[in-house]
Amino acid sequence: MAVHNQDVAEAFDEMADLLAIQGENPFRIRAYQRAAQVVRTLPQEVSKFGSVQELDALPGIGADLAGKISELCRSGRLRALEKLRRQVPPGLRELLSLPGLGPVRVRALKAQLGIRGIDDLARALSSGRLAKVKGFGRGTESRLRTALGDKAARGPQRMPWPVAAEYAEPLRKYLQSITGVTRAEIAGSYRRGRDTVGDLDLLVCSKRGADAIKALGRYEDLRELSAAGTTKASGVLRNGLQVDIRVVPAESFGTALHYFTGSRDHNIRLRRRAQERGYKLNEYGLFRGKKRVAGATEEELFAALDLPWIAPELREDRGEIEAAERRALPALIELGDLKGDLHVHTDASDGREPLEKIAAAARTRHLRYVAITDHSKYLGVVRGLDAERLARQIDAIEALNERLDDLIVLKGAEVDILEDGALALPDSILRRLDVVVIAIHSQFGLSEAKQTTRVLRALDRPSVSILAHPTARLLGERPPVALNFERVLRAARERPCYLEINGQPQRLDLDDVNVKATREQGVLLSIASDAHSGAELAYVEHGIRQARRGWVTKGEVLNTRPLNELRTLLRKTML
DNA sequence: GCCGTTTTCGGCCCGACTGTTTTCAGTCG
């Protein structure tokens, strides 16, 4: 059984939680959390590292943790974790996820009431024993009661970024409209462009914080407002999304925006850098003694720390500060760099609009080319095209191209990868296409070995250009398929063929970490909308965000190329 | 547990809000 980075990260996170419950040194706990984060977002598998010394060279990983990673990869076990699990009741860890319960209080519950898990806590609540524990009063009791009810009802859910946007933007506009508010921005993981968003962090610029927060309380989509002070408030929207708001004056807006954008690890690194240079950095400014030397904008903050401005999408402490220091930050791709879209459906398969409407929408978006890639006929996809219908569509596209002078419609298909790695359409018809996109739409649960073999076999077929939504995940619904991604990348580079970043809100596939791995292997990416209507061509925006989080520049993307260059690159894939 | 152009020991980001506090610890972001 292969040990993946995710497994190592989870083991370290669990160790951190259990050590915290034991009351260990907070910095030791932090070291485990940091190591978990580093391993989780590493493009290469730690199990493939040649030696403990190589592991030791990773940031935040020293001799001890390198040894633990090595042990886990070799044996699939971690003795230190097993020992902790024997010492701490297994149910206690879950209690940490309840609001208001941290390690100290969880330990108190165990020590004073013998509580060993959520069920014990629920019983203690209903019998009124909880109030007897020092530090637990009426308020905590009622919060826990609500939280336990909520947890049973739904549990914590992160929202795909595009869904969160539908709530975030109207709220931002509302805040912006409040008297005295000169600026309102959405910060947090939303601004960093993460694929999913757990809560909304909004930053408001105003001299009168109390008024702004009072006005927030009147927002029609707000279900409740809690923790409302004069500069800070928390609330919950009617859809269950948690909202945190901070109000700062103009002279602090830049440092506050930076601080509330995060990530936490990025902030820690920057604060340490400030400290080393004799400053203090907090959300109100960068200070030398009492004197504020920066604060109004992010640019002046970075400049004061001898760094160029770092794009929010990069602020994950994955090497961006070092790259900034070397003046080697990537020039991130932008929406305007895209010249076409290589994955679009029409009503010939499961799209909602005919070919001509899609072409018209592509022209409105000033695309130079758009590939029509309707589904192949296969189980599960209704109205998929067989070879005969695809041949008719090819004719229709050629006829349409005769009438267009500012857009080229490329002939394509999204061909199913069958369980054994064969494709759902014969080579004879695929050879007539400009673009062959292949994808998994069934058999998601295969073992890693089988799934990888399946995909590699499909990539080896003549004519294949692009592997679409490579992990087939659906956010909140279906986990990524088990795939040896390094082998897929190697195959894609050698062949060559290309990997897609799919901009469908539920997919956002590849994710940021895999995107970064792909570019580091020199495999080109296709940023695609997978649109099923003209309006959905806009989904490439989501793909752009994913790409930027993966450090992608314009040159690393297939569909930033002019048509003649694109054709050359696609011909290379036609064995 | 990690880390080092002041350090191989002694530091480790910083502030707001809550609850139960009589001066602050715990939690959260």
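Residue numbering restarts at 1 for every chain, and letters A, B, ... go by the order of the sequence lines.
The pairing partner recorded for B:dT8 is none, the criterion being a Watson-Crick or G-U wobble arrangement whose two distances lie under 3.5 angstrom.
A parallel orientation is assigned to the rings of A:W161 and A:Y190, their planes being inclined by less than 30° (bins at 30° and 60°). Between A:F12 and A:Y32, the two ring planes are perpendicular [angle over 60°; tilted spans 30° to 60°].
For the segment residues 190-198 of chain A, no residue has any heavy atom less than 4.0 angstrom from an atom of DNA chain B.
The two residues A:V3 and A:E45 make their nearest non-hydrogen contact at O-OE1, 4.1 Å.
Using a 4.0 Å heavy-atom cutoff across all strands shown, A:L101 reaches sugar-phosphate atoms only and no base atom. Within the 4.0 angstrom heavy-atom criterion, no nucleotide atom of any strand lies near A:I29. At the heavy-atom level, A:S234 lies nowhere under 4.0 Å from the strands shown. Contacts of A:P59 with the nucleic acid, taken as non-hydrogen atoms under 4.0 Å apart, involve only primed sugar atoms and P, OP1 or OP2. Residue A:D64 is classed as a sugar-phosphate contact, given heavy-atom separations below 4.0 Å to backbone atoms only. As judged by a 4.0 angstrom heavy-atom cut-off over every strand, A:R272 is placed among residues touching the sugar-phosphate backbone only. Using a 4.0 Å heavy-atom distance criterion, A:T230 is classed as a sugar-phosphate-only contact. Among the heavy atoms of the strands, none lies under 4.0 Å from A:F260. Contacts of A:R269 with the nucleic acid, taken as non-hydrogen atoms under 4.0 Å apart, are absent. Looking at heavy-atom distances under 4.0 Å, A:D199 makes no contact with the nucleic acid at all.
Using a 4.0 Å cut-off, some side-chain N or O of A:Q275 falls inside it from OP1 or OP2 of B:dC14. Contact annotation: A:K280 reaches the phosphate of B:dG15 (side-chain N/O to OP1 or OP2, under 4.0 Å). Put simply, A:N282 has a side-chain N or O that comes within less than 4.0 Å of OP1 or OP2 on B:dG15. Taking 4.0 angstrom as the limit, A:K68 places a side-chain polar atom (N or O) nearer than this to OP1 or OP2 of B:dG1. A sub-4.0 Å separation between OP1 or OP2 of B:dC17 and a side-chain N or O of A:T231 is present.
Looking at A:R85 and A:E14, a side-chain N of the basic residue comes within less than 4.0 Å of a carboxylate O on the acidic one, giving a salt bridge. Using a cut-off of 4.0 Å between Lys/Arg side-chain N and Asp/Glu carboxylate O, A:E141 and A:R129 are scored as not salt-bridged. Under the 4.0 Å criterion applied to side-chain N and carboxylate O atoms, A:R93 and A:E10 are assigned as salt-bridge partners.
Nucleotides B:dC2 and B:dC13, compared at atom P, are 16 Å apart to the nearest Å. Nucleotides B:dC3 and B:dT7 place their C1' atoms 10 Å apart, quoted to the nearest Å. If you take atom P in B:dT6 and the same atom in B:dG1, they sit 28 Å apart, rounded to whole Å. Atom P of B:dC9 sits at a distance of 31 Å from the matching atom of B:dG15, rounded to the whole Å. To the nearest whole angstrom, the two C1' atoms, one in B:dT18 and one in B:dT23, are 15 Å apart. With both ends at atom C1', the span from B:dA16 to B:dG10 equals 29 Å, rounded to whole Å.
The side chain of A:Y284 sits closest to B:dA16 out of B:dC14, B:dA16, B:dG29. Taking every side-chain heavy atom of A:V104 into account, B:dT27 is the closest of B:dT27, B:dG29, B:dC2. Distances from the side chain of A:R28 to the nucleotides B:dG29, B:dG15, B:dG1 place B:dG1 closest.
An anti base is found at B:dT5: its glycosidic angle is more than 90° from 0.
Judged by atom type and distance alone, A:Y259 reaches the base of B:dG29 through a side-chain donor-acceptor pair under 3.5 Å. No N or O donor and acceptor, one from the side chain of A:D201 and one from the base of B:dG29, sit under 3.5 Å apart.
In this structure A:D265 satisfies the salt bridge (charged side-chain N to carboxylate O under 4.0 Å, His left out) test together with A:R30, sequence neighbours excluded.
In this structure, A:R288 places its CZ atom where more than 12 heavy-atom neighbours from other residues, nucleotides or ligands lie under 6.0 Å away.
Comparing A:E276 and A:A66 against DNA chain B, the residue whose closest nucleotide sits nearer the 5' end is A:A66. When the nearest nucleotides of DNA chain B are assigned to A:R271 and A:R246 by heavy-atom distance, the more 5′-ward of the two goes with A:R271.
Between the side chain of A:R105 and the main chain of A:G100, a donor-acceptor pair closer than 3.5 Å is present.
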